[in-house]
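FYI, the numbering just counts along the sequence from 1.
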Amino acid sequence: MPSGLHRTYGAHHLHFITCSCYPRLPFLDSARARDRFLAILEQTRQRYRFVVVGYVVMPEHVHLLVTEPEVGTPSTVMQVLKQRSARALLPTRRRTDPRQRNLFGERKRHRAFWQARFYDFNVWTTKKRVEKLRYMHRNPVKRGLVESPEQWRWSSYRYYLLGEDGPVRVNHGWTEISFRARAA
């Protein structure tokens with residue numbers, strides 16, 4: 001972990017998480033890639049039992065606003081999410097005969113999909129939660145990808161604006177977790 005980076009878990013805060021593609025390349029620039037990432041996020045949400053309060057998938061990075069998972073930590077969730085999405089989205093290489101590799105001196109190369117770490121900011125006030133949601137939802141507009149947030153299919157904005165279900169369940173279980181956090 002880089003010096004000065006401190007993660008606080010166990011306080012029942014929301015986590016505003018940002019992770020970037022390596023090295024800020026637009027690996028998520030296609031609808032297919034963004035859809036696949038969101039499908040993996042939903043599978044991970046179900047497996048580790050956390051609440052997604054908001055999200056946006058941009059061409060070269062992702063923002064998530066999530067609760068702490070019931071299973072593992074946010075770090076565990078991000079490790080699984082990044083590994084599974086990289087495996088699903090990196091192009092597959094054709095297998096070659098090992099004799100050819102030796103003959104032509106071909107080296108095994110690993111291509112990174114994600115930056116090694118992620119940024120995590122603890123959100124513990126309603127004001128900061130709203131600020132982070134607005135920031136995420138305005139990101140595609142600010143970048144000139146769309147004219148208004150509801151045009152970007154790969155965010156939670158349409159859930160908040162229209163109550164529309166997307167590929168990731170937003171706020172599913174939020175009241176139970178909010179109540180449990182206050183009672184603890």
Side-chain angles (χ1 to χ4, degrees), residues 5-21 28 31 33-85 114-115 117-143 145-146 148-184:
L5 181 61
H6 178 72
R7 302 198 192 283
T8 303
Y9 298 154
H12 302 291
H13 295 156
L14 292 177
H15 293 268
F16 177 69
I17 295 173
T18 302
C19 58
S20 298
C21 295
L28 297 167
R34 290 187 295 270
D35 289 342
R36 186 70 183 119
F37 174 81
L38 288 175
I40 293 168
L41 173 59
E42 176 59 15
Q43 292 165 0
T44 306
R45 183 196 68 76
Q46 291 174 23
R47 179 176 176 194
Y48 289 90
R49 298 191 304 271
F50 59 92
V51 175
V52 174
V53 177
Y55 66 89
V56 65
V57 181
M58 300 293 288
E60 72 292 322
H61 69 282
V62 172
H63 293 297
L64 304 172
L65 185 58
V66 298
T67 64
E68 292 189 17
E70 290 181 26
V71 177
T73 66
S75 292
T76 307
V77 166
M78 291 310 298
Q79 179 183 17
V80 169
L81 181 61
K82 288 168 71 173
Q83 285 176 347
R84 291 197 61 220
S85 59
W114 295 104
Q115 295 280 16
R117 291 178 170 68
F118 63 93
Y119 175 77
D120 181 5
F121 177 85
N122 286 60
V123 175
W124 58 85
T125 66
T126 300
K127 180 181 176 186
K128 194 55 88 170
R129 178 176 42 119
V130 170
E131 174 189 309
K132 294 303 182 186
L133 281 169
R134 283 187 179 148
Y135 174 81
M136 283 191 296
H137 294 152
R138 297 287 305 162
N139 209 326
V141 176
K142 186 177 177 185
R143 290 277 306 283
L145 299 171
V146 291
S148 62
E150 66 270 13
Q151 294 173 323
W152 191 252
R153 289 191 308 141
W154 303 278
S155 85
S156 54
Y157 185 79
R158 294 180 65 84
Y159 170 82
Y160 287 101
L161 179 68
L162 305 169
E164 185 177 284
D165 289 334
V168 176
R169 293 194 67 184
V170 175
N171 290 337
H172 180 69
W174 176 252
T175 54
E176 297 89 31
I177 288 176
S178 296
F179 177 75
R180 215 179 359 216
R182 275 184 264 148

(request) Say whether, by atom type as modelled, one donor and one acceptor occur between the side chain of S156 and the main chain of Y159 under 3.5 angstrom. (result)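 Side chain of S156 to backbone of Y159: no pair is present.
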(request) Return yes if some donor-acceptor pair links the side-chain N/O of S155 with the main-chain N/O of H137 below 3.5 Å, else return no. (result) no
Check whether any side-chain heavy atom of [X] sits under 4.5 Å from a side-chain heavy atom of [Y], and report yes or no.
X    : Y    : answer
L162 : E150 : no
F16  : K128 : no
V62  : L41  : no
L14  : V66  : no

[atom1] of [X] to [atom2] of [Y]: how many Å apart, nearest 0.5 Å?
X    : Y    : atom1 : atom2 : result
R158 : D165 : CZ    : CG    : 11.5 Å
M58  : T18  : CE    : OG1   : 11.5 Å
R34  : L28  : CZ    : CG    : 7.5 Å
L64  : Y55  : CG    : OH    : 10.0 Å
T67  : Y48  : OG1   : OH    : 14.5 Å
M78  : T44  : CE    : OG1   : 9.5 Å

(request) Could you please spell out the steps behind the side-chain hydrogen bond (donor to acceptor under 3.5 Å, both in side chains) verdict for N171 and Y160? (result) CA-CA 10 Å; N171 290 337; Y160 287 101; 3.3 Å; yes
(message) Set out, in order, the CA-CA distance, both residues' side-chain angles and the distance that settles salt bridge (charged side-chain N to carboxylate O under 4.0 Å, His left out) for R134 and E131, then state yes or no.
(response) CA-CA 5 Å; R134 283 187 179 148; E131 174 189 309; over 6 Å; no
(message) One pair to check against side chain to side chain contact (heavy atoms under 4.5 Å, CB included): L65 and H15. What are the steps and the verdict?
(response) CA-CA 6 Å; L65 185 58; H15 293 268; over 6 Å; no
(message) Between E42 and R45 (salt bridge meaning N to carboxylate O under 4.0 Å), is one present in this structure?
(response)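 Result for this pair is yes, salt bridge flagged.
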So which atom in [X] and which in [Y] form the shortest heavy-atom distance, rounded to 0.1 Å?
X    : Y    : answer
R153 : A31  : NH2-CB, 3.7 Å
V123 : K132 : CG2-CG, 4.1 Å
P140 : V56  : CG-CG2, 3.9 Å
R129 : V53  : CD-CG1, 4.2 Å
I17  : P74  : CD1-CB, 4.3 Å
C21  : W114 : N-CE3, 4.0 Å

(message) Would you call the rings of F121 and Y119 parallel, tilted or perpendicular, taking 30° and 60° as the class edges?
(response)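 Ring orientation, 0 to 90° scale: parallel.
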(request) Could you tell me how the ring of W154 sits relative to the ring of W152: parallel (under 30°), tilted (30 to 60°) or perpendicular (over 60°)? (result) perpendicular
(message) Would you say that more than 12 heavy atoms from the other residues, nucleotides or ligands in this model lie under 6.0 Å from the CZ of R143, or not?
(response)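 Enclosed.
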(request) Cation-pi check, K82 to F118: give yes when NZ or CZ is under 6.0 Å from the six-membered ring centre and within 45° of the ring axis, no otherwise. (result) no
